Q: 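Right, I'll just put the structure down here and ask away after.
This structure is a prediction, so every number in the text was calculated from the model and none was measured.
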Amino acid sequence: MTPQHSMDPPLQRGRRRLVQAVAASLGLSSLGWAHGLVWAQTAWPSRPVRLLVGFPPGSSPDLMARTIAEPLAQALGQPVVVENRPGAGGNVAADAVARADDGHTLGLLINGNMTIAKILNPATPYDPLTDLAPVSLLATSPLVLTAGAQVPGDAAAILAAGRAAGARWNYGSPGVGTVAHIGMEMFKGAAGWQAVHVPYPGNPQVINAMMQGDVQVALLPPGLAMPQVQAGKLKAVGLTSAGRSALVPQVASLAELGLSGFQMEIWNAVAAPARMNPKHIQRVSAALAEIVRRPEIRDKIFALGWQVAGTSAEGLANRVRVDTARMRDVIERHNIRPQ
């Protein structure tokens, strides 16, 4: 009688023989064990996947994570559990992702966690470039250069006034080393401004400071800036994107206003531990790229104030490299350090 394994395709037969040889060398001759080993090597995920978020429930990254968690679970065949690990501007969660060795941990991170963390603060326990593996850039958003309603003139006049004011003008940010802080320093270089940085605990305090005239300008996410602009409490000067954004089509880009080449975006992305199996990373990356392009998911993300990207792992890696180089230049030139 012909042995059963002779009916298998050559590749499968060779693989089975290899696994059986490994089993025999370990004193484990059971063919059932060998079949189990093959399955264990190929079936992933084998248990729920954790998606760590570095900000509290209800925050923008948390809402993004919960938007993609269920469709990602359906694509992977295992639950995706969103786990909030707030602290240090998202770096607590990023460090937990970098340290994870279970093969089932991912992180939804902001650009600061994946670009400037170690440059800004050498004491950061993980290195974004070596300890994290890019998976997919989910979505991006420009920032809005916003001025207090009491600042006179239109966008062009405000840009000119800020240049003429020198150090008499102040700008607010939600903290030293935040993307809004570094973005404003980049803007100052492009616009010829000398405005003085005033850090606050968060963007709500920055908005209040602009309304009260304590600072004249700030970079804000569209979702925070535009309701105040529409209420007449703030003015939208321009967007930090290369061109107009569908998120706020009525606001000109700073490039349109004469600051050619200036561009700054905030973004959300998924990353994995650097030690994670590259095949698993590619599987998650492909799933996410498809998920965020679904009309219903794209609309939800747009309503949160983001434009869908859905890149490959390589696309995110390229973005990380470019943004890291730009941020490094600003941080080192201005000797920016966390307080």
Q: For the pair S253 and R244, evaluate side chain to side chain donor-acceptor pair (under 3.5 Å) and give the outcome as yes or no after the intermediate values.
A: CA-CA 5 Å; S253 70; R244 296 216 178 198; over 6 Å; no
Q: May I ask whether M114 and L137 are part of the same hydrophobic cluster, defined by side-chain heavy atoms of I, L, V, M, F, W, Y residues being less than 4.5 angstrom apart, directly or through others?
A: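 Yes: a chain of side-chain contacts under 4.5 Å links M114 to L137.
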Q: Is it true that E83 and R85 have a side-chain N and a carboxylate O under 4.0 angstrom from each other?
A: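 A salt bridge links E83 with R85.
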Q: Suppose we screen for side-chain hydrogen bond (donor to acceptor under 3.5 Å, both in side chains). Which residues come up paired with R293, at least two apart in sequence or across chains?
A: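 So R293 forms no side-chain hydrogen bond (donor to acceptor under 3.5 Å, both in side chains) with any residue.
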Q: Taking the side chain as every heavy atom from C-beta outward, state whether T124 and N121 have any atom pair closer than 4.5 Å.
A: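 Yes. Closest side-chain heavy atoms under 4.5 Å.
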Q: Donor-acceptor check, side chain of K188 to backbone of A195, threshold 3.5 angstrom: yes or no?
A: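 Present.
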Q: Inspect the contact between E290 and R294 and indicate whether a charged nitrogen and a carboxylate oxygen are less than 4.0 angstrom apart.
A: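 A salt bridge is present here (some side-chain N lies under 4.0 Å from a carboxylate O).
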Q: Would you indicate whether the side-chain heavy atoms of T146 and V237 approach each other to under 4.5 Å?
A: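 The answer is no; the side chains never approach within 4.5 Å.
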Q: Let's go through S59 and D62 carefully: what are the C-alpha distance in whole Å and the side-chain angles of both, what is the deciding distance for side chain to side chain donor-acceptor pair (under 3.5 Å) to 0.1 Å, and is it a yes or a no?
A: CA-CA 5 Å; S59 63; D62 173 76; 5.2 Å; no
Q: Charged N to carboxylate O below 4.0 Å: is that the case for R319 and E314?
A: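 Salt bridge absent between R319 and E314.
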Q: Could you walk me through whether N208 and Y200 pass the side chain to side chain donor-acceptor pair (under 3.5 Å) test, one step at a time?
A: CA-CA 10 Å; N208 288 335; Y200 290 89; over 6 Å; no
Q: Between S245 and Q307, is a side chain to side chain donor-acceptor pair (under 3.5 Å) present by the stated rule, with each step listed?
A: CA-CA 9 Å; S245 169; Q307 288 182 290; 3.2 Å; yes
Q: Name the orientation class of the two ring planes belonging to F187 and W193 (parallel below 30°, tilted from 30 to 60°, perpendicular beyond 60°).
A: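 Ring orientation, 0 to 90° scale: perpendicular.
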Q: Between the side chain of Q216 and the main-chain N/O of N170, is any donor-acceptor distance below 3.5 Å?
A: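 Side chain of Q216 to backbone of N170: a pair is present.
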Q: Flag the pair M264 / M186 as yes when at least one side-chain heavy-atom distance between them is below 4.5 Å, and no otherwise.
A: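 With C-beta onward as the side chain, the pair touches.
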